[in-house]
Amino acid sequence: MTISYEDFSKVDIRVGTIVGAEPYPEARRPAYKLQVDFGAEIGIKRSSVQITVHYRLDELVGKQVAAVVNFPPKQIGKFMSEILVLGFPDAAGAVVLVVPDKAVPNGGKLF
């Protein structure tokens, strides 16, 4: 299926820096709760992420990630996820985060 650039531009993908990370033991599958700073325009948003295979909590704070910031909030158990942090599956299906290879300003929009 082919989409137009207009369709693509409706998905607001931004870069942010993880400023908080904690375990989410109540989740059905192993997960963390993240707080991601997208700069002054968007602010800090929360997300539940299933990235426990490749990432430890102590290495997440300060890491930049890409996320969709214009989906409606989604209830995940007792946690309200406000953004969708993006990743790709590795060969076994575990999530590998989508990250810029150089530091960029928080809030930058993917194009």
Side-chain angles (χ1 to χ4, degrees):
M1 174 176 68
T2 302
I3 66 169
S4 69
Y5 185 80
E6 183 180 323
D7 291 332
F8 170 74
S9 68
K10 291 176 186 177
V11 181
D12 193 358
I13 300 172
R14 303 286 182 120
V15 66
T17 300
I18 298 171
V19 295
E22 59 188 89
Y24 187 16
E26 305 87 8
R28 280 186 258 177
R29 295 186 202 142
Y32 299 140
K33 294 188 273 188
L34 301 181
Q35 297 85 44
V36 183
D37 183 0
F38 292 96
E41 180 184 343
I42 297 170
I44 296 174
K45 299 292 183 180
R46 300 170 5 126
S47 184
S48 171
V49 293
Q50 295 175 357
I51 60 171
T52 60
V53 171
H54 292 295
Y55 303 95
R56 296 184 325 267
L57 285 172
D58 64 337
E59 66 183 336
L60 289 171
V61 173
K63 181 179 280 298
Q64 288 195 296
V65 295
V68 176
V69 299
N70 65 333
F71 283 153
K74 181 177 182 179
Q75 190 75 42
I76 301 175
K78 296 179 180 181
F79 183 77
M80 184 64 72
S81 192
E82 300 172 300
I83 57 172
L84 176 64
V85 175
L86 300 174
F88 291 107
D90 68 9
V95 177
V96 175
L97 292 169
V98 173
V99 300
D101 67 350
K102 299 199 182 345
V104 294
N106 287 339
K109 184 173 171 62
L110 181 75
F111 56 84

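The main-chain N or O of Arg46 is found under 3.5 Å from a side-chain atom of Glu82 such that the two form a donor-acceptor pair. Side-chain atoms of Gln75 come within 3.5 Å of backbone atoms of Gly77 as a donor-acceptor pair (strictly under, hydrogens ignored). Side-chain atoms of Ser47 never come within 3.5 Å of backbone atoms of Leu34 as a donor-acceptor pair (strictly under, hydrogens ignored). Remark: the backbone N or O of Tyr55 is paired with a side-chain donor or acceptor of Tyr32 at under 3.5 angstrom.
Ile51 and Phe88 are assigned to two separate hydrophobic clusters, defined by single-linkage of ILVMFWY side chains at heavy-atom distances under 4.5 Å. No continuous path of ILVMFWY side-chain contacts below 4.5 Å connects Val36 to Val15, so the two sit in separate hydrophobic clusters. Residues Phe8 and Leu86 are members of one and the same hydrophobic cluster, defined by side-chain heavy-atom contacts under 4.5 angstrom among Ile, Leu, Val, Met, Phe, Trp and Tyr. Cluster membership for Leu57 and Val85, using ILVMFWY side-chain heavy atoms within less than 4.5 angstrom, is shared.
For the pair Ile18 and Val65, the tightest heavy-atom approach, listed with the atom from each and the gap, is CD1-CG1, 3.8 Å. Among all heavy-atom pairs drawn from Phe71 and Leu84, the shortest one is CE1-CD2, 3.5 Å. Scanning both residues, Pro73 and Met80, for their nearest heavy atoms gives CB-SD, 3.6 Å.
Residues satisfying the side chain to side chain contact (heavy atoms under 4.5 Å, CB included) criterion with Ile76, sequence neighbours excluded, are Tyr24, Ser48, Lys74, Ser81.
At a threshold of 4.5 Å between non-hydrogen side-chain atoms, the residues Arg14 and Ile42 count as touching.
One distance of note links CD of Glu22 with CG of Leu60; it measures 12.0 Å at 0.5 Å rounding.
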task = Output, in order, the C-alpha distance, side-chain angles, deciding distance and verdict of side chain to side chain contact (heavy atoms under 4.5 Å, CB included) for Glu26 and Phe79.
result = CA-CA 9 Å; Glu26 305 87 8; Phe79 183 77; over 6 Å; no
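Residue His54 is tested with Val95, Leu97, Val96 for a side chain to side chain contact (heavy atoms under 4.5 Å, CB included); the sole match is Val96.
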Could you go through residues 98-111 and list every donor-acceptor pair under 3.5 Å that involves a side-chain atom there, pairing it with any protein atom two or more places apart or in another chain?
from   : atom 1 : to    : atom 2 : distance (Å)
Asn106 : OD1    : Thr17 : N      : 3.3
Asn106 : OD1    : Thr17 : OG1    : 2.7
Asn106 : OD1    : Gln64 : NE2    : 3.2
Asn106 : ND2    : Thr17 : OG1    : 3.4
Asn106 : ND2    : Asp37 : O      : 3.4
Lys109 : NZ     : Asp12 : OD1    : 3.3

